[in-house]
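Working notes for the structure below.
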Amino acid sequence: MPPPRTFSCPTGTAQIYDHGAHVVAWQPAGAEPVLWLSARSQFEEGAAIRGGIPVCFPWFGPGRSGEANPPHGFARLVPWHFLGASEAGAEVIASYELGSAEVESAQFPYEFVARLDVGVGANLRLSLTLTNTGDVDFSYEEALHTYLAVGDSREVVIDGLDGATYLDKGPGGGPGRRQDGPVRFVGETDRVYHSTAEVRLTDPVLERTLTVTKSGSANTVVWNPWVTKSAAMSDFGDDEWTGMACIEAGNVLADAVSLSPGESHTLTYLLGVS
Ligand code: TA6
């Protein structure tokens, strides 16, 4: 697999693989790295990179049918076209594109163009735009599945989801739950919130707050695999669960996006550090 491209400006640096248009690293000037990447990740054609910001499309997990494969869709498993990079104010913007002609999928037989624009600077901003380039309506799920680096996942506090309803995909979970106060990790946590709100992760160990602001996203997914699930993943170190937390922006399940011919939709994910 070709090495990642590095994008650097005075306010920040990022690394992105053409494979999946996958952002694997971002570091604001003067700050520590913000994204988590497993030491056990694969970097192979056709395989998902474990960490950074996987682009999940055209379905999330096993999809609305519960039977879609591969998990989280094909977009993160294939090379995207690098369109170029441009300086814009205090950031550099790298752009990638994936067209339906390059990803034959009987499970998603539609014509589309996916574009990912990544703004690199003091903040990290991803905009994922889908355009229906065919002549029939289609719907799809999507997520920017961000792995954040944390000092100790058992100590972080996630604010902004208080009162939001969620689907608990964790052990003994189910639909129709409502968040009461901040989110803390005390076991395997896998929740799909119905929320458009800004989310803040306070990390007392690294002494920083990570802020996720989004647009065009009806769902926020919060995930930590904890002990058992980490041990079951070959590309995830058994003890790595204490160093990461996923806060993802998406449109999944009942919030899947529908596009008529010629229509576009953009999901934006803005990550900041303070
Ligand atoms: O976003 C959380 C989740 O859907 C979890 O259920 C878990 O499966 C995670 O994604 C990782 O999925 P992956 O296919 O990358 O192993």
Side-chain angles (χ1 to χ4, degrees), residues 17 19-24 35-78 105 107 126 128 140-150 153 156 158 161 164 166-175 177 179 183 185 187-195 199 201 212 214 217-238 240-256 267 269 271:
Y17 278 90
H19 179 79
H22 199 129
V23 182
V24 292
L35 302 182
W36 176 88
L37 190 63
S38 172
R40 302 273 292 274
S41 179
Q42 302 178 75
F43 295 93
E44 308 290 336
E45 301 297 339
I49 294 170
R50 177 66 68 189
I53 308 180
V55 176
C56 302
F57 170 80
W59 55 80
F60 185 75
R64 287 162 283 173
S65 68
E67 296 168 359
N69 202 35
H72 291 327
F74 46 66
R76 65 176 178 169
L77 305 179
V78 295
S105 167
Q107 300 170 80
L126 281 75
L128 177 62
Y140 64 93
E141 295 176 300
E142 60 183 351
L144 295 172
H145 191 301
T146 306
Y147 287 78
L148 301 169
V150 300
S153 55
V156 304
I158 298 171
L161 294 166
Y166 65 92
L167 165 66
D168 185 346
K169 293 168 54 183
R177 309 294 169 90
Q179 184 59 38
V183 179
F185 296 121
E188 181 182 344
T189 305
D190 190 352
R191 300 177 182 177
V192 181
Y193 288 88
H194 187 79
S195 172
V199 174
L201 182 150
V212 175
K214 48 179 210 166
S217 163
N219 303 115
T220 300
V221 180
V222 176
W223 181 56
N224 185 286
W226 213 250
V227 177
T228 304
K229 187 145 193 184
S230 299
M233 294 184 282
S234 60
D235 62 347
F236 198 115
D238 291 0
E240 288 187 312
W241 58 273
T242 59
M244 54 70 67
C246 281
I247 298 180
E248 312 159 31
N251 293 292
V252 304
L253 299 171
D255 293 306
L267 183 165
Y269 185 102
L271 181 58

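We count ligands from 1, going down the list as the structure has it; atoms in each ligand are counted the same way.
Aromatic pair His194/Tyr166: centroids not less than 6.0 angstrom apart.
The protein heavy atom nearest to atom 5 (C) of ligand 1 is Asp190 OD2, 3.2 Å. Taking atom 12 (O) of ligand 1 as the reference point, the nearest protein heavy-atom neighbour is His72 NE2, 3.2 Å. The protein atom (non-hydrogen) at minimum distance from atom 8 (O) of ligand 1 is Lys229 NZ, 3.9 Å. Among all non-hydrogen protein atoms, the one lying nearest atom 16 (O) of ligand 1 is Arg50 NH2, 2.9 Å. Ranking the protein heavy atoms by distance from atom 4 (O) of ligand 1 puts Lys169 NZ, 3.2 Å first.
For the pair Ser195 (side chain) and Leu161 (backbone), a donor-acceptor distance under 3.5 Å is absent.
For the ligand labelled ligand 1, residue Phe60 lies inside the 4.0 Å heavy-atom shell. Ligand 1 is approached by Arg76 to a heavy-atom distance shorter than 4.0 Å.
Every atom of ligand 1 with a heavy atom of Glu248 under 4.0 Å away is listed here by number and element: 1 (O), 2 (C). Close approach to Pro71 involves these atoms of ligand 1, each under 4.0 Å from a residue heavy atom: 14 (O). Atoms of ligand 1 found under 4.0 Å from any heavy atom of Val221 (numbered from 1 in listed order, with element): 1 (O).
Using the six-membered ring where Trp is involved, Tyr140 and Phe57 have ring planes that are perpendicular, over 60° apart on the 30 and 60° scheme. Aromatic ring orientation, Trp59 versus Phe74: perpendicular (interplanar angle above 60°, classes split at 30° and 60°). A tilted orientation is assigned to the rings of Phe236 and Trp36, their planes being inclined by 30° to 60°.
Thr228 has its side chain out of reach of Ser230: every pair of non-hydrogen atoms, C-beta onward, lies at least 4.5 Å apart. Contact annotation: the side chain of Glu141 approaches that of Arg64 to within less than 4.5 Å [non-hydrogen atoms, C-beta and beyond].
The shortest N or O to N or O distance between Trp223 and ligand 1 is not under 3.5 Å.
The residue from Leu144, Leu148, Thr146 that alone fulfils the side chain to side chain contact (heavy atoms under 4.5 Å, CB included) condition with Ile247 is Leu148.
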